[in-house]
Every structure is written in C-alpha cells, then in structure tokens.
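Scope of the values below: all heavy atoms of this structure, side chains included, with no hydrogens, waters or symmetry mates.
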Amino acid sequence: MRNLLLSAACLAAMAAFTTGPARAEEDLMKMSQNPKDWVMPTGDYANQRYSKLKQITAKNVGKLQAAWNLPTFLAVICLSLE
C-alpha cells in the first residue's frame with residue numbers, strides 16, 4: 001500500500017512539473033506577439049533584440065538619451081576604490 005501511494009505521489013508530481021512549463025511557454029509566446037510587450041530579455045526566442053515599434057526613426061535616433069543606468073558590480077567596486 002505504501003509503495004502504491006508513493007508511486008501515485010511521484011506520478012502526480014511528474015504530471016505537475018511537465019505541464020507547468022509548457023503552459024508558461026504558451027503564455028510567453030502569446031504575450032510576445034504584441035510588440036509593445038518586451039517579455040524576454042532578448043525580445044524573442046530568436047534573440048533578435050529588434051522592436052517593431054515605430055517611435056524611433058532615422059530622423060530622431062540622434063536625439064536619444066539615456067533615461068537610466070544600472071551600475072554593474074565591477075563598476076561599483078572600481079568607483080569605490082577611487
């Protein structure tokens with residue numbers, strides 16, 4: 001009886017783990033269809049880092065400025081040594 005319960009628990013756990021990521025991937029693929037949503041670090045699974053948005057054009061790209069920055073760990077150490 002104990003082995004049967006243990007087997008059932010293992011099968012249930014395996015089923016939960018195998019369906020969870022597939023569902024998350026489906027949601028991610030659906031969200032990535034909207035160019036306004038940058039849902040992956042590289043934009044899409046092809047790592048294109050390309051946005052279909054039209055706010056930045058050849059005429060205004062030279063006017064872009066940094067809105068924020070995030071110092072890296074190494075930069076913080078180097079600055080603290082000065």
Side-chain angles (χ1 to χ4, degrees):
M1 181 69 172
R2 181 174 178 239
N3 286 343
L4 181 62
L5 289 175
L6 185 59
S7 296
C10 287
L11 285 173
M14 286 173 42
F17 283 117
T18 56
T19 58
R23 174 72 179 148
E25 185 174 337
E26 289 173 12
D27 291 344
L28 190 61
M29 291 300 292
K30 237 184 259 182
M31 289 186 298
S32 69
Q33 299 303 313
N34 185 351
K36 293 182 180 179
D37 296 330
W38 196 270
V39 295
M40 295 177 236
T42 59
D44 61 10
Y45 280 124
N47 295 324
Q48 292 186 1
R49 295 178 172 93
Y50 173 78
S51 173
K52 296 176 184 173
L53 298 177
K54 304 296 182 200
Q55 289 98 342
I56 301 173
T57 65
K59 289 183 178 182
N60 66 12
V61 71
K63 298 176 185 176
L64 292 177
Q65 296 179 359
W68 59 273
N69 66 32
L70 179 65
T72 62
F73 180 70
L74 185 57
V76 170
I77 290 175
C78 292
L79 290 174
S80 66
L81 295 175
E82 291 180 353

Under the side chain to side chain contact (heavy atoms under 4.5 Å, CB included) test, residues paired with K63 that sit two or more places apart:
none
When you measure from the side chain of N34 to the backbone N and O of M31, does any donor-acceptor pair fall under 3.5 Å?
no
Could you work out, with side chain to side chain donor-acceptor pair (under 3.5 Å) as the rule, every residue matching N69, not counting sequence neighbours?
none
Shortest non-hydrogen separation from T57 to N60 and the atoms involved:
N-OD1, 2.7 Å
Are more than 12 heavy atoms, taken from residues, nucleotides or ligands other than I56, located less than 6.0 Å from that residue's CD1 atom?
no
Can I get a per-line list of side-chain donor-acceptor pairs under 3.5 Å for residues 37-44, giving both atom names and the distance, sequence neighbours left out?
from: W38; atom 1: NE1; to: M40; atom 2: O; distance (Å): 3.1
from: T42; atom 1: OG1; to: D44; atom 2: O; distance (Å): 3.1
from: T42; atom 1: OG1; to: N47; atom 2: OD1; distance (Å): 2.6
from: D44; atom 1: OD1; to: A46; atom 2: N; distance (Å): 3.2
from: D44; atom 1: OD1; to: N47; atom 2: N; distance (Å): 3.0
from: D44; atom 1: OD1; to: Q48; atom 2: N; distance (Å): 3.1

